[in-house]
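First comes the structure, then the notes that go with it.
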Amino acid sequence: WKALWLRAAEAARKQRVALARVPTGPTRSAYDHGCTSGPCVTWRLDHIFFTSRTLELRRRWATLEADPESVASGLPNRTSPSDHYPVAACFGVSRGPRLPADDEAALVSRLDELEARQAREREALQQKLDAAEPSPPPPATEDREAEQGKKGKKKKAEKPSPEMIAFIQERRKQTREQKEAHTRERAAFADSLVELELDALERRMSLPAWVETGTRA
């Protein structure tokens, strides 16, 4: 039950549904757990959860706090055939809160600036790597003659030089490190947002996909 509760709480947090509980009273009256005789005790067995962001509680059914006879005799009894009280509530639908237009524009501007800077950093790294790439060595004379004598045959791929192998490894390392750093930076940006800012961005794109790839989808 604890693991299930934690999963439900995490889901509500991630989805930002702002769960609230209708304040029902006790709904079960019976002998205490493990007892075979009275007096009866009551507890709240049934619940109604709702999101307070878009729903407003208007009314609810009374429960055992309004039925002292059932509290004393337990459930079921001659007036209540069920072993627990039903619960019900009425809600009014309200418009969810939204980020003011000026704040949303400022948020999008911050997002654009982050993406533009990361694009400049990727381009700068690519230019740096292109400039550092070693030139391929010219083929030896005997290699050229052998190549001329084997026209029409498929050329065998040459093994890269040690310098080229070292460059390829370093290029992959720097590209990977930059990609990881950019992903962490986007994740930190998303984590810094308040609820209404998250709502505003998620109307425009998939935020988890953007954090992972840097692409608005």
Side-chain angles (χ1 to χ4, degrees), residues 3-4 6-19 51 53 96-217:
L4 182 62
L6 291 174
R7 286 176 56 191
E10 179 65 12
R13 186 190 69 79
K14 284 185 175 181
Q15 300 300 323
R16 303 190 306 282
V17 294
L19 279 181
T51 172
R53 297 186 74 197
R98 292 177 67 100
L99 193 68
D102 290 346
D103 293 344
E104 184 169 347
L107 172 64
V108 173
S109 177
R110 286 164 49 203
L111 181 70
D112 291 341
E113 290 173 3
L114 172 61
E115 291 179 337
R117 179 172 54 77
Q118 289 191 347
R120 291 194 299 270
E121 290 174 356
R122 287 192 297 269
E123 184 178 358
L125 177 61
Q126 186 61 52
Q127 292 176 354
K128 171 186 171 184
L129 294 173
D130 290 344
E133 183 174 358
S135 301
T141 303
E142 56 270 19
D143 292 340
R144 289 198 299 269
E145 293 174 351
E147 182 179 349
Q148 292 173 357
K150 295 181 180 179
K151 286 184 178 180
K153 294 184 179 180
K154 188 175 181 180
K155 184 179 179 182
K156 185 177 180 181
E158 296 182 359
K159 182 179 179 180
S161 65
E163 292 80 6
M164 179 60 74
I165 292 175
F167 167 75
I168 292 173
Q169 292 174 340
E170 181 63 20
R171 180 180 62 190
R172 290 174 177 171
K173 174 176 176 290
Q174 292 191 33
T175 302
R176 182 181 64 254
E177 289 176 347
Q178 185 186 71
K179 181 178 179 181
E180 292 172 349
H182 283 179
T183 299
R184 289 193 301 270
E185 191 173 22
R186 291 191 297 270
F189 178 87
D191 290 341
S192 71
L193 301 177
V194 299
E195 187 173 278
L196 295 184
E197 290 175 330
L198 289 169
D199 289 345
L201 287 187
E202 287 183 348
R203 288 193 295 269
R204 296 169 175 266
M205 64 186 187
S206 169
L207 199 56
W210 176 79
V211 169
E212 184 63 27
T213 66
T215 302
R216 303 187 192 185

Taking [X] first and then [Y], would you say they form a salt bridge - that is, a charged N and a carboxylate O separated by under 4.0 Å?
X      : Y      : result
Arg184 : Asp191 : no
Arg110 : Glu197 : yes
Glu195 : Arg53  : yes
Asp112 : Arg216 : yes

Do the non-hydrogen side-chain atoms of [X] and [Y] ever get within less than 4.5 Å of each other?
X      : Y      : value
Arg204 : Leu107 : no
Leu196 : Arg98  : no
Glu212 : Arg186 : no
Ser109 : Glu104 : no
Leu201 : Leu193 : yes

How about [X]: does its [atom1] atom have over 12 heavy atoms from other parts shown lying under 6.0 Å from it?
X      : atom1 : value
Glu10  : CD    : yes
Arg203 : CZ    : yes
Asp130 : CG    : yes
Glu123 : CD    : no

Nearest-0.5 Å distance that lies between atom [atom1] in [X] and atom [atom2] in [Y]:
X      : Y      : atom1 : atom2 : value
Arg171 : Gln126 : CZ    : CD    : 8.0 Å
Leu125 : Glu177 : CG    : CD    : 10.0 Å
Lys159 : Ile165 : NZ    : CD1   : 5.5 Å
Gln118 : Gln178 : CD    : CD    : 8.0 Å

**Asked** So, for Pro97 and Asp199, which heavy atoms are closest and what is the spacing to 0.1 Å?
**Response** O-OD2, 4.5 Å
**Asked** If you look at every heavy atom in Ala190 and Val211, which pair is closest and at what distance?
**Response**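 Nearest heavy atoms, Ala190 then Val211: CB-CG2, 4.0 Å.
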**Prompt:** When you look at Thr183 and Thr213, which way does the side chain to side chain contact (heavy atoms under 4.5 Å, CB included) test go after all the steps?
**Reply:** CA-CA 7 Å; Thr183 299; Thr213 66; over 6 Å; no
**Asked** Which pairs, with at least one residue in residues 163-196 and sequence neighbours excluded, count as a ring pair (Phe, Tyr, Trp, His ring centres under 6.0 Å)?
**Response**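 As it turns out, the ring pair (Phe, Tyr, Trp, His ring centres under 6.0 Å) pairs with a partner in residues 163-196, which skip direct neighbours, are Phe189-Trp210.
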**Message:** Could you walk me through whether Glu113 and Arg117 satisfy the salt bridge (Lys or Arg N to Asp or Glu O under 4.0 Å) test, starting with their C-alpha distance in whole Å, then the side-chain angles of each, then the deciding distance to 0.1 Å, before giving a yes or no?
**Reply:** CA-CA 6 Å; Glu113 290 173 3; Arg117 179 172 54 77; over 6 Å; no
